[in-house]
Engineer: 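Sharing a structure here in structure tokens format.
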Amino acid sequence: MPVDPLTITPTVVQVAALIRNRTINRLGKEVGTFDATTRPTLAEAEPLIARAARYVSISIGERFDDWPPALVETAKDAAASFAALYIEQGFYADGSNGDHTPADQLGRIAREQLGALLRDAGRGRLMRSIQLTDPADTRSDDDDLPWLSRSI
């Protein structure tokens, strides 16, 4: 079962912080979040934020209930980046294919964050390294035991 998307859903403010220029209301004032006066509106942004959290959740894989708080925050950051990307693509795409468009830059950031999260989480499981030793081996010189440092 995937990680519960609600656990890693960023707030609207967290997403808006990544694309503050998209939180300007009809009067030209920066609101700092999405509301009824911004493009997208709050009602339009929330489903995209939920979609991003589902995507990150599915990408992570199976449930991992005892994640350290920093890893949960990293998952929220990745979801916020994907939500910002969805907003940028859905509301501000101009059809250009340049490598330096806001959508392209957000996409790179989101993929890098997700990649780092998956490495850190071991695709849903924190990977721990243990040393294997042979209880029958009584040698004390570890340099002669190349197999001793193998990790699983």
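Note that the coordinates shown come from a computational prediction; the quantities given were computed from them, not determined experimentally. FYI, the numbering just counts along the sequence from 1.
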Engineer: Applying ring pair (Phe, Tyr, Trp, His ring centres under 6.0 Å), which residue pairs with at least one partner in residues 19-50 are found, sequence neighbours left out?
Structural biologist: none
Engineer: Identify whether Val15 and Tyr92 are in the same connected component of the hydrophobic contact network (ILVMFWY, side-chain heavy atoms under 4.5 Å).
Structural biologist: yes
Engineer: From Asn25 CG over to Thr33 OG1, what is the distance, rounded to the nearest 0.5 angstrom?
Structural biologist: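 It comes to 12.0 Å.
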Engineer: How many angstroms lie between atom CD of Glu30 and atom CD1 of Ile24, to the nearest 0.5 angstrom?
Structural biologist: 6.0 Å
Engineer: To the closest 0.5 Å, what do you measure between CZ (Arg51) and OG1 (Thr9)?
Structural biologist: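 Between Arg51 CZ and Thr9 OG1, I get 14.0 Å after rounding to 0.5 Å.
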Engineer: Going from NZ on Lys29 to OG1 on Thr23, what distance comes out if it is rounded to the nearest 0.5 angstrom?
Structural biologist: 10.5 Å
Engineer: Checking Thr74 side chain against Ala70 main chain: does a donor-acceptor pair fall under 3.5 Å?
Structural biologist: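 It does hold such a pair.
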Engineer: Could you tell me which residues satisfy salt bridge (Lys or Arg N to Asp or Glu O under 4.0 Å) with Arg39, sequence neighbours excluded, listed by chain and number?
Structural biologist: none
Engineer: Is it the case that one hydrophobic cluster holds both Val72 and Ile60, taking links as side-chain heavy atoms less than 4.5 Å apart, direct or via other members?
Structural biologist: yes
Engineer: Considering non-hydrogen atoms only, spot the tightest contact between Ile19 and Glu88 and give its length.
Structural biologist: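 The answer is CG2-OE1, 4.3 Å.
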Engineer: Hey, mind stepping through Leu48 and Phe91 against side-chain contact (heavy atoms from CB on, under 4.5 Å) and telling me if it holds?
Structural biologist: CA-CA 11 Å; Leu48 296 173; Phe91 288 87; 3.8 Å; yes
Engineer: Are more than 12 heavy atoms, taken from residues, nucleotides or ligands other than Tyr55, located less than 6.0 Å from that residue's OH atom?
Structural biologist: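 For Tyr55, atom OH is not crowded (no more than 12 foreign heavy atoms under 6.0 Å).
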Engineer: Between Arg20 and Gly32, which heavy-atom pair has the shortest distance, and what is it?
Structural biologist: NH2-CA, 3.7 Å
Engineer: To the nearest 0.5 angstrom, please state how far the CG atom of Leu42 sits from the CD1 atom of Ile49.
Structural biologist: 7.5 Å
Engineer: Can you give each donor-acceptor pair under 3.5 Å made by side-chain atoms of residues 109-118, sequence neighbours left out, with the distance rounded to 0.1 Å?
Structural biologist:
residue: Arg111; atom: NH1; partner: Gly107; partner atom: O; Å: 3.2
residue: Gln113; atom: OE1; partner: Ser81; partner atom: OG; Å: 2.4

Engineer: Under the ring-ring contact (aromatic ring centres under 6.0 Å, His included) rule, collect the residues that match up with Tyr86, sequence neighbours excluded.
Structural biologist: none
Engineer: To check you understand the geometry: which heavy-atom pair defines the closest contact between Ala52 and Ala79, and what is its length?
Structural biologist: CB-O, 3.2 Å
Engineer: Please, which pairs that meet ring pair (Phe, Tyr, Trp, His ring centres under 6.0 Å) have at least one residue in residues 5-28, sequence neighbours excluded?
Structural biologist: none
Engineer: Can you name the residues that form a side chain to side chain donor-acceptor pair (under 3.5 Å) with Glu44, not counting sequence neighbours?
Structural biologist: Thr41
Engineer: Is it the case that one hydrophobic cluster holds both Val13 and Ile87, taking links as side-chain heavy atoms less than 4.5 Å apart, direct or via other members?
Structural biologist: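 No, Val13 and Ile87 fall in different hydrophobic clusters.
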Engineer: Indicate yes or no: at least one non-hydrogen side-chain atom of Arg22 is less than 4.5 angstrom from one of Thr38.
Structural biologist: no
